[in-house]
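First the structure, in the form of C-alpha cells, and then the observations on it.
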Amino acid sequence: MIVGILGCGAIANLITGFVRDGRVPVELGFFYDRDLERAENLASMVDGTAVLDVRDMLPEVDLVVEAASPEAVRELVPVVLEAGRDVVVMSVGALMDPELRKMLEETASRNNATIHVPSGAIVGLDGLKAASVGTIESVKLVTRKPPRSLGISMDEKKVLYRGRASEAVKRFPLNINVAAALSLACDRDIEVEIIADPAVDRNVHEVTVRGDFGEFKTITENVRCSVNPKTSVMAAYSAIRLLKSLSENMHVGT
Ligand SMILES: NC(=O)C1=CN([C@@H]2O[C@H](COP(=O)(O)OP(=O)(O)OC[C@H]3O[C@@H](n4cnc5c(N)ncnc54)[C@H](O)[C@@H]3O)[C@@H](O)[C@H]2O)C=CC1
Ligand SMILES: O=C([O-])CC(=O)C(=O)O
C-alpha cells in the first residue's frame with residue numbers, strides 16, 4: 001500500500017519514524033504540508049517525495065493520512081475522496097459538523113473510498129461501539145491537561161468547559177478530537193469537561209459509559225509529543241496501528 005501524508009507535524013513525524021524503521025508494512029511515498037520544509041524533512045527520512053499540492057500525490061497513492069487541521073479536513077479531504085483514495089482522518093473534531101460529515105460520506109460512497117477514523121488519544125472506543133448496539137444511558141469525557149497543552153498559562157487548576165461535545169469542538173478545535181471520536185462512535189453529543197491543571201504533566205482522558213451492558217470507565221494518561229505537546233503519542237500510535245491493520249487479514253476488536 002502506498003500512503004501519502006497530509007500535514008507533516010507531530011503525528012506525521014512519529015508515523016514516518018515507524019515506517020523508516022520497517023515497523024509498518026506500507027510505503028510512505030508522498031508528503032504535503034503548507035510549510036514545504038516540513039514536508040521535505042519527513043520525505044528525506046524515507047526517500048519519499050514532497051509535493052507542492054496534495055493533488056499531485058493522488059494518482060500515486062492508495063490512501064492519504066490527514067494529520068493537519070480541521071481546515072484541511074474541510075478543504076482537502078473532499079479532493080482526496082473525489083479521486084477515490086481512502087483517507088485516515090486525525091482531525092476528527094471537524095467531523096462534528098453534520099453537513100461536512102454527510103458530504104464526505106457521500107463523496108466517499110460515490111467514489112468507492114473509505115474514511116477511517118482511528119481511536120486517537122483515548123482507549124475505550126471499542127467498548128463504546130459495542131455498548132451502542134444496546135441502550136446507552138450516558139457517556140462522559142473528562143479531559144485534564146497541563147495548561148501548556150491547551151495553549152494557555154495559569155497557576156491554579158481551572159475547569160475551562162462543561163457542556164456538550166458539539167459546543168466544545170467549536171471552542172477548543174485542536175484539543176477535542178477525543179470528544180468527537182467518542183460522539184461519532186455512539187452517535188450522540190456526549191458530555192465533556194475540560195480542565196487545565198498545572199499539577200499534571202500528561203494529557204489525561206477519563207471516559208465513563210453507562211448503559212444496559214453495565215458500566216465502564218477508562219483512564220488514559222498520555223505522554224505528550226515533543227514536537228507538539230497538545231498531541232499525545234497515543235494518537236500517532238493509533239494511526240500507526242490502523243495502517244498495520246489495513247494490511248492484515250484478521251481484525252481484532254470492534
Ligand atoms: N484524533 C485524535 O485523538 C487526535 C487528533 N489530533 C489532531 O491531528 C491533527 C495533527 O496533529 P499534530 O500532528 O499534533 O499537528 P501539528 O500542528 O504538529 O502538525 C500539523 C501540520 O499540518 C500542517 N497543516 C495544517 N493545516 C494544513 C492545511 N490546510 N494544508 C496543509 N498543511 C496543513 C501544518 O503546517 C503542520 O505542519 C490536528 O488537527 C490535531 O488536532 C491530535 C491529537 C489527537
Ligand atoms: O490528547 C490528545 O492527543 C489531544 C486531545 O486531547 C484531543 O485532540 O482531543
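As the structure lists them, so they are numbered: ligands from 1, and atoms in each ligand from 1. Remember, it's a predicted structure, so these values are computed and weren't measured experimentally.
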How far is [atom] from its nearest protein heavy atom, and which residue and atom name does that atom have?
{"atom": "atom 35 (O) of ligand 1", "value": "D33 OD1, 2.7 Å"}
{"atom": "atom 44 (C) of ligand 1", "value": "A235 CB, 3.4 Å"}
{"atom": "atom 18 (O) of ligand 1", "value": "A10 N, 2.9 Å"}
{"atom": "atom 24 (N) of ligand 1", "value": "A68 CB, 3.7 Å"}
{"atom": "atom 11 (O) of ligand 1", "value": "I11 CD1, 3.6 Å"}
{"atom": "atom 15 (O) of ligand 1", "value": "N228 ND2, 3.6 Å"}

Got an N/O contact under 3.5 Å between T143 and ligand 2?
no
Heteroatom distance test (A121, ligand 2): nitrogen or oxygen, under 3.5 angstrom:
no
Are L28 and I5 close enough, and set up right, to give a side-chain contact (heavy atoms from CB on, under 4.5 Å), and what steps lead you there?
CA-CA 8 Å; L28 263 192; I5 298 276; 3.7 Å; yes
Which of the listed options, [options], holds the heavy atom that is closest to [atom]?
{"atom": "atom 26 (N) of ligand 1", "options": "A236, A39, S69", "result": "S69"}
{"atom": "atom 19 (O) of ligand 1", "options": "G9, C225, G7", "result": "G9"}
{"atom": "atom 40 (C) of ligand 1", "options": "N203, I176, N41, N177", "result": "N177"}
{"atom": "atom 29 (N) of ligand 1", "options": "R74, E71, E75", "result": "E71"}
{"atom": "atom 5 (C) of ligand 2", "options": "K145, M90, K230, R144", "result": "K145"}

Test of proximity, [X] against ligand 1: N or O pairs below 3.5 Å:
{"X": "R34", "result": "yes"}
{"X": "S232", "result": "no"}
{"X": "T231", "result": "yes"}
{"X": "A121", "result": "yes"}
{"X": "P70", "result": "no"}
{"X": "M90", "result": "yes"}
{"X": "S91", "result": "yes"}

Below 4.0 Å, non-hydrogen atoms only: which portion of [X] touches ligand 2? Side chain, backbone, both or neither.
{"X": "I176", "answer": "backbone"}
{"X": "M234", "answer": "neither"}
{"X": "S232", "answer": "both"}

Applying side chain to side chain donor-acceptor pair (under 3.5 Å), run through H205 and T143 and close with a yes or a no.
CA-CA 5 Å; H205 301 293; T143 286; 2.9 Å; yes
H205 heavy atom under 4.0 Å from ligand 2
yes
Reference residue N203; test side-chain contact (heavy atoms from CB on, under 4.5 Å); the match among M234, K230, R144, R224
R224
Out of curiosity, K145 NZ to I195 CD1, how far, rounded to the nearest 0.5 Å?
12.5 Å
Per-atom contacts, ligand 1 versus [X] - under 4.0 Å to a heavy atom:
{"X": "Y32", "answer": "30 (N), 31 (C)"}
{"X": "V92", "answer": "1 (N)"}
{"X": "R38", "answer": "36 (C), 37 (O)"}

Run the numbers on S91 and E66 for side chain to side chain donor-acceptor pair (under 3.5 Å), then give the verdict.
CA-CA 7 Å; S91 307; E66 177 283 321; 2.6 Å; yes
Ion pair check, R110 and E106, cut-off under 4.0 Å
no
Taking a cutoff of less than 4.0 Å between a non-hydrogen atom of the residue and any ligand atom, is A67 in contact with ligand 1?
yes
